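Accompanying notes for the structure given below.
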Amino acid sequence: MTVTTRFAPSPTGLLHLGNIRTALINWLFARTNNGKFILRIDDTDTERSKDEYVSKIKYDLEWLGIDYDETFNQSSRFDVYKERFESLKDQGRIYPCYETPEELERKRKLQLAAGGKQVYDRSALKLSDQEKRGFESEGRKPHWRFLMKSESIKWNDILKGDIEIDLTSLSDPVLFREDGVPLYTFSSAVDDIDFNVTNVIRGDDHTSNTAVQIELINALDKNNLIFAHHALLKASSGDKLSKRDNVISIESFRDLNIEPLAILSLLATIGTSNSIELKDSIDQIINEFKIKTISTSPGRIETDLLNALNRKLIQNYDFDTVKDRLEKVDKKIDEKFWTAIRGNLNTVEEIKQWTDIVYDSKIIEPKDKEFISTAIDLMPEEPWDDDTWDQWTSAIKEKTNRKGKELFLPLREAFTGVSQGPEMKKLIQLIGRDKIIERVKL
RNA sequence: GGUCCCUUCGUCUAGCGGUUAGGAUAUCUGGUUUUCAUCCAGAAGAUCACGGGUUCGAAUCCCGUAGGGACCGCCA
């Protein structure tokens, strides 16, 4: 049996650090087991699902380098769900319910006030045929619940160990809505069976739900699924990660020019016992992946780590890697420019700051005009090379008796306008003699 | 209220009855003869949530308490 995992996002929002981690884990599990990874678009809720999000989800995955062997939309399988629905009905495992959402809400409040279980009371099970006809003649349409028979469900969770859930503490799940739309619990179980999914790896928020799904899968077929539930990530504030939380969406990081590998490196290490470090490649991440290193306790995700990883990554990029992107920033950026500047960048596109400094004619008025004037007098004629700066500053040192910070910092500020940046011996070669003279106002 | 889970340096974590409680990251110091970054060396940082029990011995096993998380929907 081929190991098969799936990622089943609902296209109702953007992918973020939390759900992309689940996708990555499933993908890595498939790749490390020579298996198959399926992208299942969970769009049975046609009202809330948007095509726009389907394409964004696919684009995010592609951008990150997470490929899939198969993809389909659940909305294309309504016929199959209907078929399975009939067979469950024949078995007497699903029953029609006529309560309105308001009535159910009222029941829950009553149960809460009474301090009892907030579980559906199965009163629809006791309805006589006549009562049912009564509701129908009122124009009510039934929604359908699955009758759970087991008292408890046990499974061995790859990450959490032996789990036993008391099914009587959970409501019989609604499988089909009043309008005939199948719900997640059902379509998910059917598709896992039909597509021969072997391993379901998902967030801890699905743990209780897994008990329900095992009961359902056993009614439909026979459960052979192996489950693993990982802890959810929390925001650095300690709050829960939200789909609506755009600051951690993959799209937002892409807009900030964060590299895919930085994101993958973070996701492959945070909340695990792996060292938090930049990985050389996605292949390295695959090679090092071990599902058991994933923690079961909810951890915080520090987005600062992402910036640090990104910085480290781009500082080693060759010119060829970023050539096309640099061209969009400024066509004048060549290999020499990139190599001189890259060590001081947080993102590739940040190089714009340095093309501004190198090519613009902004006038800089030095604080210590006398000193700078001396320096300019001693400035060597071109051509310049890597030794020029040393020779020049040695001459200035001799003449002015300045050294260290006193010597270098005013020069940097006078020639670039800022107090920090790439090595001056490289930078002056990029700026050039004429520009320095033109720029410095004495 | 019910069900399930979690709790070790700031943060992510290793630990499976005897460890100077280890690593990563962040922080600080020194060096790499300006800054930033990198790299190297070093330092500091954990009453192992709390209380009790078992044991010669507990971060580790058991019970309780507290705190945190998840779920309890005609969402996924």
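Remember, it's a predicted structure, so these values are computed and weren't measured experimentally. Residue numbers begin at 1 in each chain, while the letters A, B, ... track the order of the sequences. Atoms considered below: every heavy atom in the structure, side chains included; atoms not considered: hydrogens, waters and symmetry mates.
Using cut-offs of 30° and 60° on the angle between ring planes, the pair A:Trp392 and A:Trp389 is perpendicular.
Figure legend. B:A26 is base-paired to no nucleotide; pairs are counted as Watson-Crick or G-U wobble with both atom distances under 3.5 Å. Pairing of B:A70, defined by two Watson-Crick or G-U wobble distances under 3.5 Å, is identified with B:U3. Remark: B:A76 base-pairs with no nucleotide in the shown strands. Criterion, Watson-Crick or G-U wobble with two distances under 3.5 Å. Pairing of B:C39, defined by two Watson-Crick or G-U wobble distances under 3.5 Å, is identified with B:G31. Searching all strands for a Watson-Crick or G-U wobble partner of B:C61 with both distances below 3.5 Å returns B:G53.
Within 4.0 Å (heavy atoms only), A:Ile165 reaches sugar-phosphate atoms of the nucleic acid but no base atom. Residue A:Leu183 is classed as a sugar-phosphate contact, given heavy-atom separations below 4.0 Å to backbone atoms only. Using a 4.0 Å heavy-atom cutoff across all strands shown, A:Gly421 reaches at least one base atom of the nucleic acid.
Side-chain proximity of A:Lys117 to the nucleotides B:G2, B:A76, B:G1 is greatest for B:G2. Of the listed nucleotides (B:A76, B:G2, B:C74), B:A76 has the atom at the smallest distance from the side chain of A:Asp42.
Contact annotation: A:Ser273 side-chain N/O to B:C12 OP1/OP2 distance is not under 4.0 Å.
Following rounding to the nearest Å, A:Asp172 (CG) and B:C72 (P) show an atom-to-atom distance of 15 Å. Taking atom CG on A:Asn209 and atom P on B:C5, their separation rounds to 16 Å, with Å as the unit. If you measure from atom CG of A:Asn310 to atom C1' of B:U25, you get 16 Å, rounded to the nearest angstrom.
Between the A:His230 side chain and the A:Asp204 main chain, no donor and acceptor come within less than 3.5 Å of each other.
A:Phe186 and A:Phe176 have their aromatic ring centers within a separation under 6.0 angstrom.
Using a 4.0 Å cut-off between charged side-chain N and carboxylate O, A:Lys50 and A:Glu52 make no salt bridge.
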